[in-house]
Amino acid sequence: MIIGIDDTDSNDGMCTTYLGALLLDELQAYGTVETLPLLIRLNPTIPYKTRGNAAVALKIRTDCPEKIRAHVVSRIEELAHMECEKTNPGTVFILEKDYERLSPVLKSFLEKAIRDVIEIKEAKNLILEFGISSKGFKNGRGLIGALAACGAMLNLETWDHTFEHLAYRQKESWGTPREVEKESFFEADRKTYPGTWDTVDIKNRLVVCVPHSADPVLFGIRGENPAIVTEAAALIRAEPVERFAVYRTNQGTDMHLLSVSSIAYIQDMHSYRLEGVVSGTPRTISGGHVIFPIRDKEGNEIDCAAFEPTKNFRLLIRKLRPGDRVALSGSVSSGTLNIEKIEVKAIASLYKEENPECPNCGKHMKSSGQVQGFRCKKCGTHAASKLTCEVKRDLTTGLYEVPPCARRHLAKPLVREQKSDLNIHPAR
Ligand code: ATP
């Protein structure tokens with residue numbers, strides 16, 4: 001059977017992936033785990049999320065699905081932070097006999113949960129219509145993520161995937177500062193990059209795979225296959241680990257991006273890949289955020305932002321000028337696209353006017369007064385008008401991304417990019 005779970009944590013602690021890891025061990029009393037558990041990231045703009053909008057799915061071969069259901073429900077009742085208003089757990093159970101029937105329905109639901117906004121009613125109606133075994137707590141919003149995660153498990157071959165090794169803290173340490181040896185993460189990165197990524201941010205000298213919140217996660221190593229994330233995790237020196245799990249995940253796949261032909265169709269709470277021409281010089285606003293507009297062929301405009309947490313990425317964005325052709329990916333909130341990646345496709349030629357150079361002395365001539373042309377101060381040579389010359393642009397075409405410390409879970413890191421015809425600049 002497939003078990004989907006979501007929305008068990010709060011800002012004060014817990015993590016649905018921890019519950020998944022715990023159940024993965026405990027449910028072996030009732031059956032055999034068939035495949036790696038799934039950690040599925042859903043629409044990153046959803047306001048109900050606690051942190052990264054993750055849901056979990058497990059697949060177990062069993063003769064006693066009812067016992068599994070009872071165990072999962074009791075563990076959620078025991079561990080979920082029900083007292084938090086935003087915590088509304090949901091769990092869904094799909095029996096093997098229903099896999100084929102539910103596979104296409106839940107595939108569409110998964111895609112919608114990643115790219116669009118779903119009402120709780122829609123999840124509940126689907127559960128009723130297809131007679132799916134489920135249990136929602138409080139308003140049951142977690143049923144959305146639970147159904148989506150089951151959709152991912154039923155359609156494993158249809159979506160790009162990566163892996164994450166998640167190590168969890170011993171219970172008595174929860175809520176206390178994490179004891180980790182920073183240098184060991186840099187060592188692990190040196191030995192396993194580019195098979196792993198986002199362990200550290202080298203330019204900003206940061207360990208990015210250790211959370212700072214009260215949840216049970218000690219660290220998470222992301223990478224291309226289970227062997228490499230396990231190899232990197234083994235190199236980490238830190239406080240004792242209670243348990244770990246290697247999840248198959250849609251992190252780092254760009255699965256959230258919708259292609260859009262016109263800016264007119266863009267909506268808040270959705271993520272896009274779109275092309276346009278820079279239509280204003282980037283400006284830095286209070287807080288250090290850099291904003292500029294782009295325009296599409298029909299003249300529609302949208303503001304695009306490299307926010308302060310994107311650090312050095314803003315240096316690149318500040319080099320853009322009106323006329324540059326770009327393709328951007330990112331999420332839209334409050335009418336502004338939060339840039340995850342940018343492809344600089346064509347760099348506009350810019351010109352400026354300069355006083356002419358003296359052909360004899362090589363010095364810049366001085367103006368002789370309004371409408372009187374220019375004169376060389378040294379030899380007296382005269383020129384009628386200013387020279388128009390091309391400005392040297394300190395910008396190269398190619399693909400750029402925000403640094404690891406600012407990466408969205410679903411954003412595909414450039415280190416995973418296979419396109420050899422593009423000038424790719426992975427951030428490290
Ligand atoms: P957790 O570790 O508990 O999963 P989280 O940061 O991943 O924490 P949740 O606490 O799960 O976030 O909150 C996200 C909520 O939003 C869940 O109830 C989930 O079902 C719901 N949700 C996910 N995707 C969508 C969507 N596309 N439309 C509407 N609701 C969604």
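Counting starts at 1 for both ligands and their atoms, in listed order.
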Per-atom contacts of ligand 1 with R51, taking only distances under 4.0 Å to non-hydrogen atoms: 5 (P), 6 (O)
R318 side chain to T284 side chain, donor-acceptor N/O pair below 3.5 angstrom: yes
Per-atom contacts, ligand 1 versus V117 - under 4.0 Å to a heavy atom: 28 (N)
Inter-residue atom distance R141.CZ - I120.CD1, 0.5 Å rounding: 4.0 Å
Would you be so kind as to tabulate the donor-acceptor pairs closer than 3.5 Å made by side chains of residues 128-138, with sequence neighbours excluded?
unit_1 : atom_1 : unit_2 : atom_2 : d
S133   : OG     : R69    : NH1    : 2.8
K138   : NZ     : M82    : O      : 2.6
K138   : NZ     : C84    : O      : 2.6
K138   : NZ     : T87    : O      : 2.8

Protein contact to atom 3 (O) of ligand 1 [nearest heavy atom, distance to 0.1 Å]: D9 OD1, 2.4 Å
Contact atoms of ligand 1, heavy-atom distance to N43 under 4.0 Å: 27 (N)
Nearest neighbour of atom 20 (O) of ligand 1 from the list R141, H409, E122, H270, on a heavy-atom basis: R141
Centroid separation W174 to Y168 less than 6.0 Å: no
Shortest protein contact, atom 29 (C) of ligand 1 (heavy atom only): I118 O, 3.1 Å
Atoms in ligand 1 with a heavy atom of T8 nearer than 4.0 Å: 3 (O)
Min N/O separation G145 to ligand 1 under 3.5 Å: yes
Heavy atom of A55, distance to ligand 1 below 4.0 Å: no
Charged tip of R428 within 45° of Y193 ring normal and under 6.0 Å: yes
Qualifying residue, where the test is side chain to side chain contact (heavy atoms under 4.5 Å, CB included) with Y272 and the options are L257, I263, V332: V332
Over 12 non-hydrogen atoms of neighbours within 6.0 angstrom of CD in E100: no
Residue pairs passing the ring-ring contact (aromatic ring centres under 6.0 Å, His included) test where at least one lies in residues 235-261, sequence neighbours excluded: H165-F244
Check: R393 and R321 side chains under 4.5 Å, non-hydrogen atoms: yes
Ligand 1-proximal atoms of L143, by part, heavy-atom distance under 4.0 Å: neither
Atom 4 (O) of ligand 1: the protein heavy-atom neighbour that sits closest, reported with distance to 0.1 Å: A54 O, 2.7 Å
Atoms of ligand 1, numbered as shown, that sit under 4.0 Å from any heavy atom of A113: 24 (N), 26 (C), 27 (N)
Region of T50 that comes within reach of ligand 1 [heavy atoms, distance under 4.0 Å]: both
Cation-pi check, R205 onto F186 ring (under 6.0 Å, within 45° of axis): yes
Minimum-distance protein heavy atom relative to atom 26 (C) of ligand 1: I46 CD1, 3.5 Å
Minimum-distance protein heavy atom relative to atom 31 (C) of ligand 1: I144 CG2, 3.8 Å
NZ or CZ of R248 within 45° of W159 ring axis and under 6.0 Å: yes
Option whose closest heavy atom lies nearest to atom 23 (C) of ligand 1, chosen from N139, N53, D7, L39: N53
Proximity of D6 to ligand 1 by residue part, where a heavy atom lies under 4.0 Å: side chain
